[in-house]
Amino acid sequence: MSGAVPLQFDPASLVLLNLIMACMMFGVSLSLRLEDFKRIAMAPIAPVAGLVAQFVLLPAATCLFCWVLRIEPQLALGMLLVAACPGGSFSNIMTWLGRGNVAVSVSMTAVSSLAATVLTPLNFAFYGWLNPHTRAYLTEIALEPGGILLLVLLVLALPLVLGMITGRRLPELVRRSEKPLRVISLVVFLGFVAIAFSNNLALFVERFHSFFWLVVFHNLLALSLGYGMGWLLRLPVSDRRAVTMEVGIQNSGLGLVILFTFFPEAGGMMLITAFWGVWHLVSGLTLSQIWARLPLPPNDPIVRSAQVTAP
């Protein structure tokens with residue numbers, strides 16, 4: 001394969017990574033209710049704006065960027081895979097820290113996770129084929145959309161449904177375990193990424209210049225598209241923050257699961273996806289801390305809601 005990047009990978013780690021992803025989705029979905037989906041049907045503007053930015057604008061913009069600049073095929077496909085993934089589970093936490101609309105964020109996470117079962121393999125295959133510079137390489141790695149679809153169903157949809165059922169039947173469990181599950185999942189996921197980096201330290205150092213700025217720019221593009229959609233539709237500030245985080249915090253863990261399962265030799269793709277898993281947390285935390293210090297307008301729904309419920 002032209003431009004192949006060798007990456008040391010222990011196949012036994014795949015089971016652990018799948019379990020991490022399933023546990024993260026289970027933990028996030030414990031607090032989800034059917035009402036979250038009904039909320040989108042009743043007030044769909046903010047969530048739909050985010051989903052359009054997530055599954056339409058971001059993959060298309062990523063494909064155009066990689067095409068015009070003739071990004072190396074493996075790196076370009078890594079960017080496309082990340083762009084095709086749904087919002088990451090930690091977008092809810094980032095939204096809360098940044099004083100955004102958590103209800104919008106949770107709704108988008110739920111719907112995007114379900115939509116990803118179809119749209120993630122579809123977008124990755126379509127835009128990978130559309131870019132003539134990645135088309136040949138995509139053919140070489142023998143993409144299996146059906147296999148990716150089944151994998152996404154198992155690590156996203158199934159844990160999400162089980163989490164919702166568990167959360168409804170055992171509300172006390174939700175109250176006690178939601179925060180620890182989020183923290184443990186984050187620590188374990190970052191630990192997994194750290195091990196992947198350490199096992200391939202020489203490669204990461206050698207290729208750092210080729211993927212660092214691509215990830216930084218790509219993440220900035222995702223955040224900008226989310227905020228831009230909210231601004232164009234004149235959404236309340238708290239809704240814009242939620243949409244921005246949902247589009248900018250990608251589920252790179254899902255991307256790693258797909259890579260380790262179907263493309264274990266695509267080291268360039270893994271460089272992009274693994275570093276995304278670290279960088280979007282850095283950018284998300286930074287942005288949330290900036291927003292936390294900026295007061296919301298008095299007419300924002302979050303502010304009005306707090307005034308109504310205040311004693």
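In this chain, residues are counted from 1 in sequence order.
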Residues in ring pair (Phe, Tyr, Trp, His ring centres under 6.0 Å) with Tyr227, at least two apart?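 For Tyr227 there are no ring pair (Phe, Tyr, Trp, His ring centres under 6.0 Å) partners, ignoring immediate neighbours.
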
Applying side chain to side chain contact (heavy atoms under 4.5 Å, CB included), can you list everything that pairs with [X], at least two apart in sequence or on another chain?
| X | result |
| --- | --- |
| Ile290 | Thr286, Leu294 |
| Ser224 | Leu220 |
| Leu64 | Val68 |

Minimum heavy-atom separation for Ser105 and Thr95, please, with both atom names.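 For Ser105 versus Thr95, the nearest heavy atoms are OG-OG1, 3.5 Å.
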
Measure the [atom1]-[atom2] distance between [X] and [Y] for me, rounded to the nearest 0.5 Å.
| X | Y | atom1 | atom2 | answer |
| --- | --- | --- | --- | --- |
| Ser288 | Trp96 | OG | CH2 | 10.0 Å |
| Leu287 | Gln289 | CG | CD | 10.0 Å |
| Thr244 | Leu223 | OG1 | CG | 7.0 Å |
| His133 | Trp67 | NE2 | CH2 | 7.5 Å |
| Leu75 | Leu69 | CG | CG | 12.5 Å |
| Asn251 | Ile258 | CG | CD1 | 9.0 Å |

Considering only distance and modelled atom types, tabulate donor-acceptor pairs under 3.5 Å from the side chains of residues 48-60, sequence neighbours left out.
{"from": "Gln54", "atom 1": "NE2", "to": "Cys85", "atom 2": "O", "distance (Å)": "3.2"}
{"from": "Gln54", "atom 1": "NE2", "to": "Gln250", "atom 2": "OE1", "distance (Å)": "2.5"}

Would a hydrophobic clustering, with Ile, Leu, Val, Met, Phe, Trp and Tyr connected at side-chain separations under 4.5 Å, put Leu130 with Leu81?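 In one cluster: yes.
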
Transitive ILVMFWY side-chain link Ile165 to Leu158, under 4.5 Å: no

Quiz item: cation-pi between Arg135 and Trp129, 6.0 Å / 45°: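 The answer is yes, since Arg135 meets both limits relative to Trp129.
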
Are Leu221 and His218 side-chain neighbours, meaning at least one heavy-atom pair lies under 4.5 Å?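 Leu221 reaches His218 side chain to side chain.
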
Is any side-chain heavy atom of Thr62 closer than 4.5 Å to a side-chain heavy atom of Tyr127?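 Contact flag for Thr62/Tyr127 side chains = no.
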
Is the backbone N or O of [Y] less than 3.5 Å from a side-chain atom of [X], with the two atoms forming a donor-acceptor pair by type?
| X | Y | value |
| --- | --- | --- |
| Arg234 | Gly230 | no |
| Thr117 | Leu114 | yes |
| Ser112 | Pro86 | no |

For [X], give me all partners under side chain to side chain donor-acceptor pair (under 3.5 Å), at least two apart in sequence or on another chain.
| X | answer |
| --- | --- |
| Ser283 | Asn219 |
| Thr134 | none |
| Ser91 | Glu246 |
| Arg169 | none |

Testing Phe65, Phe212, Trp279 for ring-ring contact (aromatic ring centres under 6.0 Å, His included) with Phe217, which one passes? Phe65

